[in-house]
Amino acid sequence: MSQHEPAQCVNKMQSANGLSPRILVLGVGSLGCYLVAKAQQQLGAADPAYAQLAFALCHHKATLLQDKVNTHTFLLTKSAKPTSAKETLGELLANNGPDSNSAALAALIKAHDFVLLCGALGGASGAILAEISLLANKQPSDVNAQAGNLSSQTAFLAFVVSPFSFEGGARAQQARATVQQLETSCNGLVELPNDLLRKALGAQTRLEDALDASNAFLAKMLKQLLHIMAKPSLINLDLRDLLALLQQPGRMAINWQQLDLHQPLAPQLTLLLQHPLLAKTATDSAKAAMLHLEVPEDFALEQFEFLHQHLQAQLPDNTLMLSGLRITPDIQQAELTLLLTGIQPG
């Protein structure tokens with residue numbers, strides 16, 4: 001692939017069988033459910049482009065799961081019998097009906113090509129996330145093949161947040177253990193440390209304000225990722241392209257920012273690369289990168305090519321580069337989303 005020309009990716013999935021990939025967005029625990037519900041709200045159910053998206057929530061509070069429209073819900077219920085052992089996902093869902101027990105959750109996963117798993121690490125939610133991710137490895141090899149899916153198994157991407165350092169060593173240790181499990185059972189892992197999120201929002205930010213801003217920031221990143229995966233583009237990135245990126249061994253990082261097209265673009269892209277969420281992951285070790293732009297109608301293709309080439313120049317040699325472009329007539333300001341994969345922990 002030339003380093004000087006963007007990889008103009010056509011939607012191979014749609015051209016092959018006329019269908020868009022079926023994507024399940026599954027939130028676990030308070031943070032995961034918040035992010036999924038917020039993304040569902042921001043994307044808008046009325047847009048037919050998102051018809052292939054399904055949403056699911058998994059939580060221990062029944063009140064949080066009530067009155068959820070067009071959403072699969074799974075209530076986690078601890079048994080009344082005292083026990084020192086941690087209950088499994090199957091046990092926590094055992095009291096539910098056939099529409100929301102562990103078998104129903106497994107069937108829901110099998111019915112989709114791609115699962116985006118969202119939640120927080122360091123507590124009970126992290127253990128549930130790891131158990132759910134293992135369901136991908138328990139699928140019969142012929143289930144998805146008979147349905148004409150992308151592969152014999154549903155692909156998993158974990159989108160998780162690790163605890164603050166002040167939360168203590170026990171939670172950090174539990175989070176590390178969950179990360180190791182997710183790295184084994186998922187196709188890709190985006191881990192966003194709370195400490196870095198707070199740093200990105202300003203070290204002087206009050207903790208309560210930082211948490212609110214952090215949640216909003218995470219919801220925006222999740223929405224951007226789903227927006228790229230589900231919405232058709234002029235120069236498109238489809239699920240196969242994303243899976244090619246996920247196959248790179250190592251961690252993933254994602255960030256986005258608005259662009260002022262009337263100002264020099266190079267400093268704006270450099271600023272994005274220097275963001276704490278990307279700098280921590282050592283961008284000099286990335287094996288693959290995805291650049292996606294959403295722009296107004298007056299956007300010049302030369303600007304797209306410039307951003308691709310400028311990013312290529314700042315990443316390691318032989319980095320796999322994919323670029324996508326969507327023109328949205330009513331957009332107020334251009335938006336750039338950057339995904340890096342194959343990152344080796346520093």
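- The shortest side-chain heavy-atom distance between H310 and L265 does not fall under the 4.5 Å cut-off.
- The distance from atom NE2 of H72 to atom CD1 of I109, rounded to the nearest 0.5 Å, is 11.5 Å.
- Here the side chain of Q268 pairs a donor or acceptor atom with the backbone of P264 at under 3.5 angstrom.
- Of the residues V190, L222, L26, the one that meets the side chain to side chain contact (heavy atoms under 4.5 Å, CB included) test with L116 is L222.
- Of the possible donor and acceptor atoms, none in the side chain of T319 sits under 3.5 Å from a partner among the backbone N and O of A288.
- The closest donor-acceptor contact from the side chain of Q173 to the backbone of A170 lies at 3.5 Å or more, if one exists at all.
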* **L273 vs Q314, side chain to side chain contact (heavy atoms under 4.5 Å, CB included): CA-CA, chis, key distance, verdict** => CA-CA 9 Å; L273 289 169; Q314 298 195 49; 3.4 Å; yes

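- Pairing each heavy atom of L31 with each of A120, the nearest pair is CD2-CB, 3.9 Å.
- At distances below 3.5 Å, not a single donor-acceptor pair connects side-chain atoms of Q263 with backbone N or O atoms of D260.
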* Are L76 and H59 close enough, and set up right, to give a side chain to side chain contact (heavy atoms under 4.5 Å, CB included), and what steps lead you there? -> CA-CA 6 Å; L76 302 169; H59 203 276; 5.8 Å; no

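- Taking each heavy atom of F164 and E167 in turn, the nearest pair found is N-OE2, 2.6 Å.
- Residues L93 and L75 have side chains not in contact (no heavy-atom distance under 4.5 Å, counting atoms from C-beta outward).
- Not a single donor-acceptor pair under 3.5 Å links the side chain of H112 to the backbone N or O of F114.
- To the nearest 0.5 Å, the span separating CG on L293 from CG on L259 amounts to 6.5 Å.
- Listed here is the closest heavy atom pair of C118 and V25: SG-CG1, 4.4 Å.
- Within the 4.5 Å cutoff, side-chain heavy atoms of L245 are placed close to those of L322.
- I331 and L301 fall into different hydrophobic clusters, where Ile, Leu, Val, Met, Phe, Trp and Tyr residues are linked whenever their side-chain heavy atoms come under 4.5 Å apart, directly or through other members.
- Side-chain contact check for L117 versus F159: every heavy-atom pair is 4.5 Å or farther apart.
- Although no hydrogens or angles enter the test, the distance criterion places no donor-acceptor pair under 3.5 Å between the side chain of S125 and the main chain of L121.
- The distance from the NE2 atom of H60 to the NZ atom of K78 is 8.0 Å, given to the nearest 0.5 Å.
- A side-chain donor-acceptor contact under 3.5 Å links S323 and H308.
- In this structure, Q309 contributes its side chain and F306 its backbone to no donor-acceptor pair below 3.5 Å.
- Between T178 and A127, the closest heavy-atom pair is OG1-N, 4.4 Å.
- For N187 (side chain) and A155 (main-chain N/O), no donor-acceptor pair under 3.5 Å exists by modelled atom type.
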* To do: Let me see the working for T341 and I343 under side chain to side chain contact (heavy atoms under 4.5 Å, CB included), right down to the final yes or no.
  => CA-CA 5 Å; T341 67; I343 299 166; over 6 Å; no

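- Annotation for L24 and A56: closest pair CD1-CB, 4.0 Å, computed over non-hydrogen atoms.
- Side-chain atoms of E335 do not come within 3.5 Å of backbone N or O of E294 as any donor-acceptor pair.
- Checked by atom type, the side-chain pair Q181/S133 shows no donor-acceptor distance below 3.5 Å.
- Taking both residues in full, the closest heavy atoms of L226 and A39 are given as CD1-CB, 4.1 Å, listed atom of the first, atom of the second, then distance.
- Rounding to the nearest 0.5 angstrom, the gap separating the CD atom in Q41 from the NZ atom in K223 is 12.0 Å.
- N255 contributes no side-chain N or O that, together with a main-chain N or O of T337, makes up a donor-acceptor pair within less than 3.5 Å.
- Counting only heavy atoms from C-beta outward, the side chains of V28 and F74 never approach each other to under 4.5 Å.
- Residues L315 and L340 have side chains in contact (heavy-atom distance under 4.5 Å, counting atoms from C-beta outward).
- We find the CG-OG distance between L135 and S102 to be 8.0 Å, quoted to the nearest 0.5 Å.
- Using a 4.5 Å cut-off on side-chain heavy atoms (C-beta onward), L157 and M252 make contact.
- From S100, atom OG reaches atom CG of L105 across 10.0 Å, with rounding to the nearest 0.5 Å.
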* In sequence, state the C-alpha distance, the side-chain angles, and the governing distance for V179 and E183, and then conclude on side chain to side chain contact (heavy atoms under 4.5 Å, CB included). => CA-CA 6 Å; V179 164; E183 286 179 327; 3.9 Å; yes

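- Judged purely by distance below 3.5 Å, without hydrogens or angles, the side chains of T71 and Q40 pair a donor atom with an acceptor atom.
- L92 has its side chain within reach of I128: a pair of non-hydrogen atoms, C-beta onward, lies under 4.5 Å apart.
- A donor-acceptor pair shorter than 3.5 Å cannot be found between the side chains of T77 and N95.
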